[in-house]
A.B. asks: 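Here's a structure for you.
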Amino acid sequence: MLSISKHEYLQLLKSIKSILVILFLLGVTYGGIQLTEQFQGLLTESLTDVDAMYAVGISFAVLSFGPLFVFSLSHDVFNREISGRMMRFLVTKTKRTNIVLGKFVGISMFWLSILVGAFGVIYIFTQSFDVKVFFETVSVVSVFIGMAFVLSLLVAKPMLSMFLGVIIGIVYPAISVWSIFSDSWYIKWFRFLSPYYYISEESYLFLVNFGLAALIVLVSTDLFKRRDV
């Protein structure tokens with residue numbers, strides 16, 4: 001399991017797309033810091049949590065583009081190896097549950113590294129670190145990773161999962177925000193399936209996202225066990 005996690009982590013770290021995502025998120029983080037300091041006087045009059053203000057850049061980037069980035073990098077986490085016959089070798093060496101968990105841990109560590117780096121930049125420039133916002137962001141990303149797993153297991157062809165991942169990455173945040181602020185019966189139920197809802201409350205409700213991510217990983221494990229490799 002650890003070797004699988006290490007492999008996934010290093011594969012993402014060496015990817016050109018991953019490097020571009022990292023540079024974008026760090027750039028947005030720094031831009032958010034500069035913007036916050038420029039309007040700090042105005043913002044402090046309306047916001048009481050100064051630490052959270054500095055994280056506005058990375059928070060906005062993850063909430064807006066997180067699904068798109070995660071799906072773009074991990075849409076083929078399973079179907080690539082299944083179509084390339086590499087998965088047949090893996091399943092003879094370890095349990096399928098270990099493969100799913102190993103991949104989840106490896107990809108989660110990659111995103112955790114990015115977020116630690118982004119919040120580290122915030123701390124270096126502002127001596128500010130909002131623990132709650134950090135874990136809220138981590139919880140949202142963990143759900144996106146689980147969703148990418150399900151997509152990769154339901155769609156056999158990597159090119160198709162890439163296309164669908166881009167569509168979902170664009171549409172999903174929009175529908176989630178709509179469901180949170182809408183009173184219409186036909187859409188407001190969707191908020192309970194969205195990690196955005198659980199960070200919109202002034203509480204520790206974001207912890208539900210970790211449970212939601214665990215549930216999705218369990219579903220992914222069951223799908224993988226049923227999948228012919």
Side-chain angles (χ1 to χ4, degrees), residues 1-26 58 61-62 65-120 134-159 161-162 164-166 168-169 195 207 209-227 229:
M1 179 177 137
L2 292 179
S3 61
I4 295 173
S5 299
K6 181 180 178 181
H7 173 76
E8 290 295 332
Y9 181 84
L10 294 177
Q11 282 290 104
L12 284 172
L13 206 60
K14 294 185 292 185
S15 167
I16 297 298
K17 289 191 296 184
S18 297
I19 294 173
L20 293 175
V21 168
I22 293 171
L23 292 176
F24 174 81
L25 291 177
L26 292 180
I58 184 63
V62 170
F65 304 106
L68 182 61
F69 290 157
V70 172
F71 280 117
S72 296
L73 297 178
S74 302
H75 68 94
D76 59 351
V77 62
F78 286 99
N79 58 22
R80 178 186 69 247
E81 294 177 349
I82 293 175
S83 61
R85 305 300 182 184
M86 286 294 294
M87 192 62 75
R88 289 186 177 183
F89 173 76
L90 278 178
V91 297
T92 62
K93 298 296 182 180
T94 187
K95 296 179 180 179
R96 297 196 181 203
T97 300
N98 290 339
I99 294 174
V100 175
L101 292 178
K103 287 179 176 292
F104 185 80
V105 169
I107 296 173
S108 296
M109 289 303 297
F110 168 77
W111 283 101
L112 184 62
S113 299
I114 294 178
L115 293 176
V116 168
F119 279 82
F134 174 77
F135 282 106
E136 283 178 345
T137 310
V138 171
S139 73
V140 170
V141 172
S142 68
V143 175
F144 296 154
I145 295 171
M147 291 171 61
F149 276 30
V150 173
L151 177 67
S152 188
L153 287 165
L154 291 177
V155 180
K157 296 181 179 180
M159 288 298 294
S161 63
M162 176 63 181
L164 293 175
V166 171
I168 295 171
L207 294 173
N209 284 336
F210 291 112
L212 186 60
L215 179 61
I216 298 174
V217 170
L218 287 175
V219 172
S220 300
T221 303
D222 184 65
L223 288 173
F224 188 43
K225 288 179 178 180
R226 299 168 183 268
R227 183 73 181 268
V229 298

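A quick note: this is a predicted structure, and the numbers were derived from the prediction, not measured.
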A.B. asks: Let me confirm one number: the CZ-OG1 distance from F224 to T97, rounded to the nearest 0.5 Å.
C.D. replies: 9.5 Å
A.B. asks: Take M162 and V166, measure what side chain to side chain contact (heavy atoms under 4.5 Å, CB included) needs, and give me the verdict at the end.
C.D. replies: CA-CA 6 Å; M162 176 63 181; V166 171; 4.1 Å; yes
A.B. asks: Identify the two heavy atoms, one from G146 and one from S220, that lie closest to each other, and give their separation to 0.1 Å.
C.D. replies: O-OG, 3.9 Å
A.B. asks: Output every pair passing side chain to side chain donor-acceptor pair (under 3.5 Å) with a member in residues 142-158, not counting sequence neighbours, ordered by first then second residue.
C.D. replies: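 Sorted pair list comes back empty.
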A.B. asks: Using the test side-chain contact (heavy atoms from CB on, under 4.5 Å), find all partners of V219 that sit at least two apart in sequence or belong to another chain.
C.D. replies: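 Partners of V219 by the side-chain contact (heavy atoms from CB on, under 4.5 Å) criterion, ordered by chain and then number, come out as L223.
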A.B. asks: If I compare all heavy atoms of P67 with all of V62, which pair ends up nearest, and what's the gap?
C.D. replies: CD-O, 3.9 Å
A.B. asks: Nearest 0.5 angstrom please: F110 CZ to L115 CG, how far?
C.D. replies: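 The CG atom of L115 is 10.0 Å from CZ of F110, to the nearest 0.5 Å.
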A.B. asks: How close do M147 and I216 get, counting heavy atoms only, and between which atoms?
C.D. replies: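 Scanning both residues completely, I find the closest heavy atoms to be N-CG2, 3.9 Å.
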A.B. asks: Which residues satisfy the side-chain contact (heavy atoms from CB on, under 4.5 Å) test with S108, sequence neighbours excluded?
C.D. replies: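 So S108 forms a side-chain contact (heavy atoms from CB on, under 4.5 Å) with F104, I145.
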A.B. asks: Apply side-chain contact (heavy atoms from CB on, under 4.5 Å) to S113 and list each qualifying residue two or more places apart in sequence or on a separate chain.
C.D. replies: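 Checked S113 against side-chain contact (heavy atoms from CB on, under 4.5 Å); matches are Y9.
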A.B. asks: Start with the C-alpha distance between F69 and F24, add both sets of side-chain angles, then the distance that settles ring pair (Phe, Tyr, Trp, His ring centres under 6.0 Å), and finish with yes or no.
C.D. replies: CA-CA 11 Å; F69 290 157; F24 174 81; 5.6 Å; yes
A.B. asks: Under the rule for ring pair (Phe, Tyr, Trp, His ring centres under 6.0 Å), what residues qualify as partners of F210, not counting sequence neighbours?
C.D. replies: none
A.B. asks: So, S74 side chain and F71 main chain: donor-acceptor pair closer than 3.5 Å or not?
C.D. replies: no
A.B. asks: Sequence neighbours left out, what passes ring pair (Phe, Tyr, Trp, His ring centres under 6.0 Å) with F119? Give chain and number order.
C.D. replies: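 Applying ring pair (Phe, Tyr, Trp, His ring centres under 6.0 Å) to F119 gives F129, F134.
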A.B. asks: Taking all non-hydrogen atoms of both residues into account, name the closest pair between N79 and V155 and its distance.
C.D. replies: ND2-O, 2.9 Å
A.B. asks: Go through the steps for W111 and V21 under the test side chain to side chain contact (heavy atoms under 4.5 Å, CB included), then give the verdict.
C.D. replies: CA-CA 10 Å; W111 283 101; V21 168; 3.9 Å; yes
A.B. asks: With sequence neighbours excluded, tell me which residues meet salt bridge (Lys or Arg N to Asp or Glu O under 4.0 Å) with R80.
C.D. replies: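 Only D76 meet the salt bridge (Lys or Arg N to Asp or Glu O under 4.0 Å) criterion with R80.
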A.B. asks: My understanding is that only residues two or more places apart in sequence, or in another chain, count here; which of them pass side-chain hydrogen bond (donor to acceptor under 3.5 Å, both in side chains) with S139?
C.D. replies: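 Partners of S139 under the side-chain hydrogen bond (donor to acceptor under 3.5 Å, both in side chains) test: N209.
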A.B. asks: To the nearest 0.5 Å, tell me how far T137 OG1 sits from L112 CG.
C.D. replies: 11.0 Å
A.B. asks: Scan residues 3-15 for pairs that pass salt bridge (charged side-chain N to carboxylate O under 4.0 Å, His left out), counting only residues two or more places apart or in two chains.
C.D. replies: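 As it turns out, the salt bridge (charged side-chain N to carboxylate O under 4.0 Å, His left out) pairs with a partner in residues 3-15, which skip direct neighbours, are E8-K103.
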A.B. asks: Out of curiosity, L20 CG to I22 CD1, how far, rounded to the nearest 0.5 Å?
C.D. replies: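 Reported value, rounded in 0.5 Å steps: 9.5 Å.
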A.B. asks: Taking the side chain from R96 and the backbone from T221, do they hold a donor-acceptor pair closer than 3.5 Å?
C.D. replies: no
A.B. asks: I'd like to check the side-chain contact (heavy atoms from CB on, under 4.5 Å) partners of T94; sequence neighbours left out, ordered by chain and number.
C.D. replies: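 So T94 forms a side-chain contact (heavy atoms from CB on, under 4.5 Å) with I4, N98, I99.
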A.B. asks: With I58 as reference, evaluate I114, L25, L26 under the side chain to side chain contact (heavy atoms under 4.5 Å, CB included) test and give the passing residue.
C.D. replies: L25
A.B. asks: If every non-hydrogen atom of P195 is compared with every non-hydrogen atom of F144, which pair is closest and at what distance?
C.D. replies: CG-CE2, 3.9 Å
